[in-house]
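Below is one structure, written out as structure tokens; comments come after it.
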Amino acid sequence: MKKYILLTSFSLLVALNVSCQSKTNEMNKEAAAIAQKQTPVKVATENGLEKAYFASGCFWCVEAVYESVKGVEESISGYSGGHTDNPTYEASNTGRTGHAEAVEIIYNPKEVSFSDLVDVYFGSQVITQVNGQGPDNGSQYRSIIFYQDDAQKKIIDSKIAELEKEVGVGKVAAQVMPFQKFWVGEDYHQNYERLHPNQSYIKGVSVPRLNKFKKKFPQLLKEGGDH
């Protein structure tokens, strides 16, 4: 009898979890649909530097990839693409805020173009993986590429069309969304790969992903970045 009660309780918990997850997914889909209709926010140029925003799995990985690219002055980990204010790491990881782990790229357009940054984006991920990259799964790890104006959107759409024409590639999973706001992540997430080289995730996931990118795009690396 006790075993039956335990099994029933467990089944109920599983059912409740599935129901909650389903409701969360529907809420995020509705929020994403609304976001797609919003006018993109153009971020002002500062000291000749521009900003771009990308989400592609764990922000530790993406931050490190962009830090290796010539012309990139800074890569900052944070959150974007959601429907709540002031998201935290704990809250975004529930999937209920709608935010994805994202990076803000501060770059010199005289050294690297937005088009190049988009090439880096698609060239440093599994472009057909939905809601995640590698071992990281969930809406908070989904791929999103943000645009700030029509010119950027045209670049993104053109590159996606080219990729999907390639034999064996399939459908690109990344969402294309008008940029609205970027929330800077907690201090302990910044420069995480550089500051924690011996952490197991960094050694097992982040570094291999970075090295794979470096081999693929040596011409885009900062001087000495191919070593």
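Numbers here are sequence positions counted from 1. Predicted, not measured: the structure shown is a model, and the values here were computed from it.
- The heavy-atom pair separating Y141 from C58 by the smallest distance is CD2-N, 3.9 Å.
- Taking OG of S80 as the start and NE2 of H99 as the end, the distance is 7.0 Å to the nearest 0.5 Å.
- S115 is listed as a side-chain neighbour of K159, based on a closest heavy-atom distance under 4.5 Å.
- Checking D157 against Y147 by side-chain atom types alone, no donor-acceptor pair falls below 3.5 Å.
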| said: Walk me through whether V43 and Y53 qualify under side-chain contact (heavy atoms from CB on, under 4.5 Å). | reply: CA-CA 10 Å; V43 180; Y53 301 87; 3.8 Å; yes
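- Remark: side-chain polar atoms of Q148 are not paired, donor with acceptor, to backbone N or O of F179 under 3.5 angstrom.
- No more than 12 heavy-atom neighbours from other residues, nucleotides or ligands sit within 6.0 angstrom of NZ on K203.
- Within the 3.5 Å criterion, the main-chain N or O of A91 finds a donor-acceptor partner in the side chain of T94.
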Working for side-chain contact (heavy atoms from CB on, under 4.5 Å), residues E101 and N93 = CA-CA 9 Å; E101 291 191 7; N93 265 349; 4.0 Å; yes
So V69 and F217, side-chain contact (heavy atoms from CB on, under 4.5 Å) or not? Walk me through it.
CA-CA 9 Å; V69 175; F217 292 97; over 6 Å; no
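- Between the side chain of Y121 and the backbone N or O of I144 there is at least one donor-acceptor pair closer than 3.5 Å.
- The main-chain N or O of T39 is found under 3.5 Å from a side-chain atom of Q180 such that the two form a donor-acceptor pair.
- Both V184 and V41 sit in one connected hydrophobic cluster of ILVMFWY residues. Membership requires side-chain heavy atoms under 4.5 Å apart, directly or through other members.
- If you take CZ on R194 and OG on S206, they are separated by 14.0 Å, rounding to the nearest 0.5 Å.
- Within the 3.5 Å criterion, the main-chain N or O of G48 finds no donor-acceptor partner in the side chain of T45.
- Taken from CD in Q140 to CG in N131, the straight-line distance is 8.5 Å, to the nearest 0.5 Å.
- Distance alone, capped at 3.5 Å, places no donor-acceptor pair between the Y89 side chain and the G185 backbone.
- Considering every non-hydrogen atom in both Q129 and D136, the closest pair reads NE2-O, 4.3 Å.
- With I76 as the partner, the side-chain contact (heavy atoms from CB on, under 4.5 Å) test is satisfied by one option alone out of N191, V103, I106: I106.
- Scanning both residues, E164 and V172, for their nearest heavy atoms gives OE2-N, 2.8 Å.
- Using a 4.5 Å heavy-atom cutoff, the side chains of N86 and T88 are not in contact.
- Side-chain atoms of Q152 do not come within 3.5 Å of backbone N or O of F114 as any donor-acceptor pair.
- With contacts defined as side-chain heavy-atom distances shorter than 4.5 Å, the pair K215/F213 does not qualify.
- Going from atom CG of D150 over to atom NZ of K153 covers 8.0 Å, rounded to the nearest 0.5 Å.
- Among all heavy-atom pairs drawn from W183 and T84, the shortest one is NE1-O, 4.0 Å.
- Here the closest heavy-atom approach between residue Y201 and residue Q199 is recorded as N-OE1, 2.7 Å.
- Cluster annotation: Y188 and W60 are assigned to the same hydrophobic cluster (Ile/Leu/Val/Met/Phe/Trp/Tyr, side-chain heavy-atom contacts under 4.5 Å, transitive).
- In terms of heavy-atom proximity, V72 sits nearest to K222 at O-NZ, 3.0 Å.
- For the ring-ring contact (aromatic ring centres under 6.0 Å, His included) test with F54, the passing option among Y107, F146, F59, Y66 is Y66; the others fail.
- If you check the side chains of S77 and E63, you find a donor sitting under 3.5 Å from an acceptor.
- Between atom CE of residue M177 and atom CD of residue Q38 there is a gap of 7.5 Å, rounded to the nearest 0.5 Å.
- No path of Ile, Leu, Val, Met, Phe, Trp and Tyr side chains, each step under 4.5 Å between heavy atoms, connects V130 with I127, placing them in separate hydrophobic clusters.
- In this structure, the side chains of R209 and Q133 come closer than 4.5 Å at one or more pairs of heavy atoms.
- Between the OG1 atom of T97 and the NE2 atom of H83 there is a distance of 6.0 Å, given to the nearest 0.5 Å.
- N108 contributes a side-chain N or O that, together with a main-chain N or O of K110, makes up a donor-acceptor pair within less than 3.5 Å.
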